[in-house]
Amino acid sequence: MPFEWLSVLALAAAAVGAQTFQPLRLAGVNIPGFDFGCGTDGTCNITQACPPLTQLGCADGLGQMQHFVKDDGYNVFRLPVGWQYLTYNRMTGALNETQFANYNMLVNACLTTGAYCEIDIHNYARYDGQIIGQGGPNNEIFAELWSNIANYWKNESRVIFGLMNEPHDIPDISIWAGSVQAAVTAIRLTGANSQIILLPGNNYTSAEAFTSSGSADVLNKVKNPDGTITNLVMDVHKYLDYDNSGTHAACVTNNIESSWYPLSTWLRENGRQALNTETGGGDVDSCVGYLAQQIGYQAANSDVILGYIGWAAGSLATDYILSETPYYNGTGWNDTLTVSMALSPMTNMLVCSVV
């Protein structure tokens, strides 16, 4: 391992070297494919879906996840899916039996690895361009969708409910918090009381904008039906390229000053926690260094930051700019540079699954 990478990892380890340190609870990878064809306007062309399952004709998602758990020490996977895929292009909360069964093949494959498995509706707070609760599907439909999903998995403690990927340009963030509350209440009323539910804010769930955008204040009011906040976790994303878009290979920041320090301060002051469900960078040295620093800071604040999930593997090609897709050489799986040198818990030793 080059000296500069050793130095970065040593600094990360030193940052969490105090006796009070507790490792991050979760670390993993996104396994997309069921969401292919979905745009940021909430439209989804489900004919473009490429389920990351060999039996459905695309990537070996099970093999990837087994490798990530066994060889890297990961313990959570995020499983994006389009709303339209689950309901077969109907704006409803009723699940299409065949489509839902296909998606649950991936959830079940994930669970066989022993990892936590996040169900992620990848629709940007929209359905076909219309915002949930603000001109699009009403809260009752959104709540019905989550009630039906949760009812299926209510007895599986390792399933995480990711209510919505990257809401953005929401006209009224307070109304959006009401939509989130409706889904939370619906999930809990199924009897799914022990699972984590992820609460997404505005601005593509940007960790940097979480407090300044008003998301923090309104989501802080979301509660379980019994009035508690147990297992209601803030959902945040943060990339490390120059415009935070996750579309450039080079990383230019560790995000600590701009994002993780103010976020962790707010979380601690309000008794809340967050999970970074999308982060990553290109397969270049700058991303190895900055990602290691970001993870080191998160681990130093593991009382309020539960962990990180990299973007992405699954059905993404190995030449995708932020690919974390391992390649199989006939005898074993081989990781990307950013995974093997920074993101893998076996490398950074900052996650409970390997400590």
Side-chain angles (χ1 to χ4, degrees), residues 30-53 55-59 61 77-107 110 117-150 152-153 160-171 176 179-180 182-183 186 198 200 202-205 235 237 245-247 277-278 309 311-317 320 322 325:
N30 281 267
I31 309 293
F34 277 102
D35 58 314
F36 285 11
C38 293
T40 59
D41 61 352
T43 58
C44 290
N45 180 351
I46 65 173
T47 66
Q48 295 182 20
C50 189
L53 294 162
Q55 59 267 53
L56 293 181
C58 286
F77 298 103
R78 185 171 181 250
L79 313 174
V81 64
W83 184 341
Q84 287 90 334
Y85 186 92
L86 295 179
T87 62
Y88 206 55
N89 287 324
R90 294 179 61 235
M91 193 183 73
T92 176
L95 301 166
N96 178 276
E97 184 176 350
T98 300
Q99 300 290 97
F100 188 55
N102 286 345
Y103 177 68
N104 276 342
M105 290 170 64
L106 183 63
V107 180
C110 175
C117 307
E118 180 193 337
I119 295 171
D120 161 49
I121 304 298
H122 215 76
N123 276 71
Y124 304 89
R126 288 160 169 79
Y127 190 103
D128 288 349
Q130 301 299 310
I131 297 171
I132 297 166
Q134 301 183 53
N138 60 35
N139 288 354
E140 289 73 21
I141 292 175
F142 186 47
E144 180 188 16
L145 174 73
W146 273 109
S147 178
N148 288 330
I149 294 171
Y152 189 89
W153 292 109
I160 296 171
F161 301 120
L163 297 184
M164 182 57 58
N165 176 67
E166 295 190 344
H168 65 90
D169 299 291
I170 303 299
W176 169 246
S179 301
V180 171
L198 297 172
N202 204 358
N203 300 87
Y204 297 90
T205 60
D235 191 359
H237 292 175
S245 65
T247 60
T277 61
E278 272 191 36
I309 307 178
W311 184 270
S315 292
L316 289 171
Y320 164 64
L322 298 189
T325 305

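Counting from 1, the numbers follow the sequence of the chain as shown. Owing to the predicted nature of the structure, the values given are computational and were not obtained by experimental measurement.
Contact annotation: the side chain of Leu95 approaches that of Leu145 to within less than 4.5 Å [non-hydrogen atoms, C-beta and beyond]. Annotation: side chain of Arg126 is not in contact with side chain of Met164 (no heavy-atom distance under 4.5 Å). With contacts defined as side-chain heavy-atom distances shorter than 4.5 Å, the pair Leu56/Leu106 does not qualify. With a 4.5 Å cut-off on side-chain heavy atoms, Thr40 and His168 count as touching. Side-chain atoms of Ile121 and Asn165, non-hydrogen and from C-beta on, never get closer than 4.5 Å to each other. Residues Phe34 and Asn102 meet the side-chain proximity criterion, which asks for heavy atoms closer than 4.5 Å.
Annotation for Gly133 and Ser179: closest pair CA-OG, 4.0 Å, computed over non-hydrogen atoms. In this structure, Cys50 and Phe36 approach most closely via the heavy-atom pair CB-CD2, 3.8 Å. Looking at every heavy atom in both residues, Asp35 comes nearest to Gly33 through OD1-N, 2.8 Å. When all heavy atoms are compared, the tightest approach of Asn139 to Ala182 is CB-CB, 4.0 Å. For the residue pair Leu322 and Gly246, the shortest heavy atom distance occurs at CD1-O, 3.0 Å. Minimum interatomic distance between Ile119 and Ile149 (heavy atoms only, all atoms of both residues): CD1-CG2, 3.8 Å.
Using modelled atom types, one side-chain atom of Trp146 and one backbone atom of Leu163 make a donor-acceptor pair closer than 3.5 Å. Side-chain atoms of Thr87 never come within 3.5 Å of backbone atoms of Thr92 as a donor-acceptor pair (strictly under, hydrogens ignored). In this structure, Asn138 contributes its side chain and Glu140 its backbone to a donor-acceptor pair below 3.5 Å.
Annotation: the span from Leu198 atom CG to Ile160 atom CD1 amounts to 6.0 Å, rounded to 0.5 Å. Taking CD of Gln130 as the start and CG of Asp41 as the end, the distance is 10.0 Å to the nearest 0.5 Å. Expressed to the nearest 0.5 Å, how far SG of Cys38 lies from OH of Tyr124 amounts to 7.5 Å. With rounding to the nearest 0.5 angstrom, the CG atom of Asn202 is 7.0 Å from the CG atom of Asp169. Between the OH atom of Tyr103 and the CG atom of Leu86 there is a distance of 7.0 Å, given to the nearest 0.5 Å. For the atom pair CE (Met91) and CD1 (Ile141), the distance works out to 4.5 Å, reported to the nearest 0.5 Å.
In this structure Asn104 satisfies the side-chain contact (heavy atoms from CB on, under 4.5 Å) test together with Phe100, Val107, Asn108, Tyr152, Trp153, sequence neighbours excluded. Every residue two or more places apart in sequence or in another chain that forms a side-chain contact (heavy atoms from CB on, under 4.5 Å) with Gln55 is listed here: Leu53, Met105. In this structure, the side-chain contact (heavy atoms from CB on, under 4.5 Å) partners of Tyr88, at least two apart in sequence or on a different chain, are Ile46, Asn96, Gln99. Remark: Cys117 engages Leu79, Cys110, Leu111 in a side-chain contact (heavy atoms from CB on, under 4.5 Å) (not counting sequence neighbours). With sequence neighbours excluded, no residue satisfies side-chain hydrogen bond (donor to acceptor under 3.5 Å, both in side chains) with Asn89. Residues satisfying the salt bridge (charged side-chain N to carboxylate O under 4.0 Å, His left out) criterion with Arg78, sequence neighbours excluded, are Glu118, Asp120, Glu278.
Between Tyr127 and Trp83, the ring planes are perpendicular. Angles over 60° get that label, and only those under 30° would be called parallel. Classified by interplanar angle (parallel below 30°, tilted 30° to 60°, perpendicular above 60°), the ring pair Trp311/His122 is parallel.
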Full working for side chain to side chain contact (heavy atoms under 4.5 Å, CB included) between Asn123 and Ile132
CA-CA 10 Å; Asn123 276 71; Ile132 297 166; over 6 Å; no
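In summary, the side chains of Asp235 and Thr205 do not present any donor paired with an acceptor at a separation below 3.5 Å, with no hydrogens or angles considered.
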